[in-house]
Number of protein chains: 2
Amino acid sequence: MITDLEHIKTTIENKGVKASYQRLKIMEYLLKTKNHPTVDNIYEVMVKEIPTLSKTTVYNTMNLFVEKNIIKALSFTGVETRYDIVTQSHHHFICNQCHKIYDINTACSFMCDNHKIINGNKIEEVIGYFKGICKECINNKT
Amino acid sequence: MITDLEHIKTTIENKGVKASYQRLKIMEYLLKTKNHPTVDNIYEVMVKEIPTLSKTTVYNTMNLFVEKNIIKALSFTGVETRYDIVTQSHHHFICNQCHKIYDINTACSFMCDNHKIINGNKIEEVIGYFKGICKECINNKT
DNA sequence: ATTTATATTTGTAATGATTACAGATTTAGA
DNA sequence: TCTAAATCTGTAATCATTACAAATATAAAT
Ligand SMILES: [Mn+2]
Ligand SMILES: [Mn+2]
Ligand SMILES: [Zn+2]
Ligand SMILES: [Zn+2]
């Protein structure tokens, strides 16, 4: 996994985003931990490395990254938006107990991306996710 | 379609909800217009019939109805929660242009409800919806 | 019918995520 | 170095929703 700052720099600059120190470090964090973080998650971790960091900068950076298709914004039933460094279409499993988010990459009829039209309506995006109890939480239940 | 107030009364009382005037009228509205309204939508319409109506009552009523499985709360990517009088599992198409919400009832592999376990995680609920341009908006595009 | 207890409604204040905005700082170019 | 543009920062505003307590309505008891 490439998390070298130079590589990250070229990666985001190729997407048309100037690579400021804050943006680089936030991008590094997103690549390192692919855990669908909230703005708060990112802020809490990054402010330790960048003590002057403002939460507004995290919001601005997330919005910019989404706009430039560097990340995807996910909004599950909860309140806070979550961000996904994996932009290719995939779905998620959200644990009702520990609230962890898992990527679902197995080929699943879930995404019938092949239906381009449904009831006469033109599909541009298919959003889907599962909710339930995750593997870990099942095992931890004695 | 049964929208007679007496019928509505027994319907919601069968679900264990006392049928106050506000609750009855709100339920009547939900049954009449099955358009996945927001709290604001409901309030704006109902306050004309019940001038003393408080928006808090609409919130309280929606939360109670959801709790008692009379309606379902839907949260798409937007901000406001929408409410669905149709509680049986089905999916939706949201128009990116006119923001109308359509029910998708056609048998669609989309909902692989049959997978009870995915990657070891126990599925309790499958959430899915499509986004795109709806039939009407396509036709209105000259 | 009058009193009393319980449930519901109402209005306002609080919360929490996100955005708006303007001043401070950094970066890049002349 | 000097200047202009971009970025960052902190605070105030916004907006959906909830918390809460007082007011009202409903039901039960006398
Ligand atoms: Mn993901
Ligand atoms: Mn529906
Ligand atoms: Zn879990
Ligand atoms: Zn439309």
Side-chain angles (χ1 to χ4, degrees), chain A residues 5 8-10 12-13 15-29 36-68 70-83 99 101, chain B residues 5 8-9 12-13 15-29 36-68 70-84 99 101:
Chain A
L5 280 186
I8 297 170
K9 190 162 139 70
T10 53
I12 75 178
E13 282 178 346
K15 296 275 191 169
V17 171
K18 218 166 278 184
S20 75
Y21 182 63
Q22 285 84 341
R23 289 171 184 169
L24 267 181
K25 297 299 283 183
I26 289 173
M27 190 64 185
E28 184 186 34
Y29 173 77
H36 311 90
T38 64
V39 161
D40 257 34
N41 292 155
I42 297 166
Y43 176 76
E44 288 305 329
V45 172
M46 298 314 293
V47 76
K48 288 170 192 157
E49 288 196 58
I50 313 171
T52 61
L53 184 66
S54 162
K55 202 176 280 185
T56 300
T57 299
V58 182
Y59 275 107
N60 290 340
T61 303
M62 293 297 102
N63 289 340
L64 180 67
F65 283 0
V66 168
E67 204 178 297
K68 299 291 186 177
I70 296 172
I71 63 178
K72 277 199 79 177
L74 307 176
S75 65
F76 304 121
T77 338
V79 264
E80 296 156 284
T81 301
R82 293 180 166 273
Y83 296 93
H99 304 109
I101 295 169
Chain B
L5 279 186
I8 295 170
K9 190 162 138 71
I12 76 179
E13 281 178 348
K15 296 274 194 171
V17 170
K18 218 167 280 184
S20 73
Y21 181 64
Q22 286 82 342
R23 287 170 187 169
L24 267 180
K25 297 299 282 181
I26 288 173
M27 190 65 184
E28 186 186 32
Y29 173 76
H36 312 89
T38 64
V39 161
D40 257 34
N41 293 155
I42 297 166
Y43 176 76
E44 289 305 330
V45 172
M46 299 314 293
V47 77
K48 287 171 194 157
E49 287 197 58
I50 313 171
T52 61
L53 184 65
S54 163
K55 202 176 277 182
T56 301
T57 299
V58 182
Y59 275 109
N60 289 341
T61 303
M62 293 297 103
N63 289 339
L64 180 66
F65 283 0
V66 168
E67 207 178 294
K68 299 290 187 178
I70 296 172
I71 62 177
K72 278 198 79 177
L74 306 175
S75 65
F76 304 122
T77 338
V79 263
E80 297 157 284
T81 301
R82 294 180 165 273
Y83 296 94
D84 199 336
H99 304 109
I101 295 169

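Residue numbers begin at 1 in each chain, while the letters A, B, ... track the order of the sequences. All values derive from a computational prediction rather than experimental measurement.
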Pairs under 3.5 Å (N/O, protein and nucleotides 23-28 of chain C):
none

For [X], what residues pass the salt bridge (charged side-chain N to carboxylate O under 4.0 Å, His left out) criterion, not counting sequence neighbours?
X       : answer
A:Lys18 : none
A:Lys72 : A:Glu125
A:Lys15 : none

Listing, residues 61-68 of chain B side-chain donor-acceptor contacts under 3.5 Å, not counting sequence neighbours, or none:
residue, atom, partner, partner atom, Å
B:Thr61, OG1, B:Thr57, O, 2.7
B:Asn63, ND2, B:Tyr59, O, 3.4

Which distance, rounded to the nearest 0.5 Å, do you find between the [atom1] of [X] and the [atom2] of [Y]?
X        : Y       : atom1 : atom2 : value
A:Ile101 : A:Arg82 : CD1   : CZ    : 4.0 Å
B:Lys25  : B:Ile8  : NZ    : CD1   : 8.5 Å
A:His36  : A:Asn41 : NE2   : CG    : 12.0 Å

Please state how far atom [atom1] in [X] lies from atom [atom2] in [N], giving the value in whole angstrom units.
X       : N      : atom1 : atom2 : result
A:Leu64 : D:dT7  : CG    : P     : 8 Å
A:Ile50 : D:dC8  : CD1   : C1'   : 11 Å
B:Leu24 : C:dT9  : CG    : C1'   : 15 Å
A:Ile12 : D:dA6  : CD1   : P     : 17 Å
A:Tyr43 : C:dG16 : OH    : C1'   : 16 Å
B:Leu53 : D:dT24 : CG    : C1'   : 14 Å
A:Ile26 : D:dT7  : CD1   : P     : 13 Å

- Reckon A:Ser20 has a side-chain N or O less than 4.0 Å from the OP1 or OP2 of D:dC8?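 Affirmative; the distance criterion is met.
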
- Message: Base, sugar-phosphate or nothing for A:Thr38? Non-hydrogen atoms, less than 4.0 Å.
- Response: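 Answer is nothing: A:Thr38 stays at 4.0 Å or more from every strand.
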
Where do N or O atoms of nucleotides 16-21 of chain D meet protein N or O atoms at under 3.5 Å, pair by pair?
residue, atom, partner, partner atom, Å
D:dT17, OP1, B:Thr81, N, 2.9
D:dT17, OP1, B:Thr81, OG1, 2.9
D:dT17, OP2, B:Tyr59, OH, 2.9
D:dT18, OP2, B:Asn63, ND2, 3.3

- What's the closest nucleotide to the B:Gln22 side chain, out of D:dT9, C:dT10, D:dT7?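 For B:Gln22, the side-chain atoms sit closest to C:dT10.
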
- Considering only heavy atoms from C-beta outward, does the side chain of B:Lys55 approach that of B:Val47 to under 4.5 Å?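 A side-chain contact under 4.5 Å is absent here.
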
- Message: Are the side chains of A:Met46 and A:Val58 in contact, using a 4.5 Å heavy-atom criterion?
- Response: no

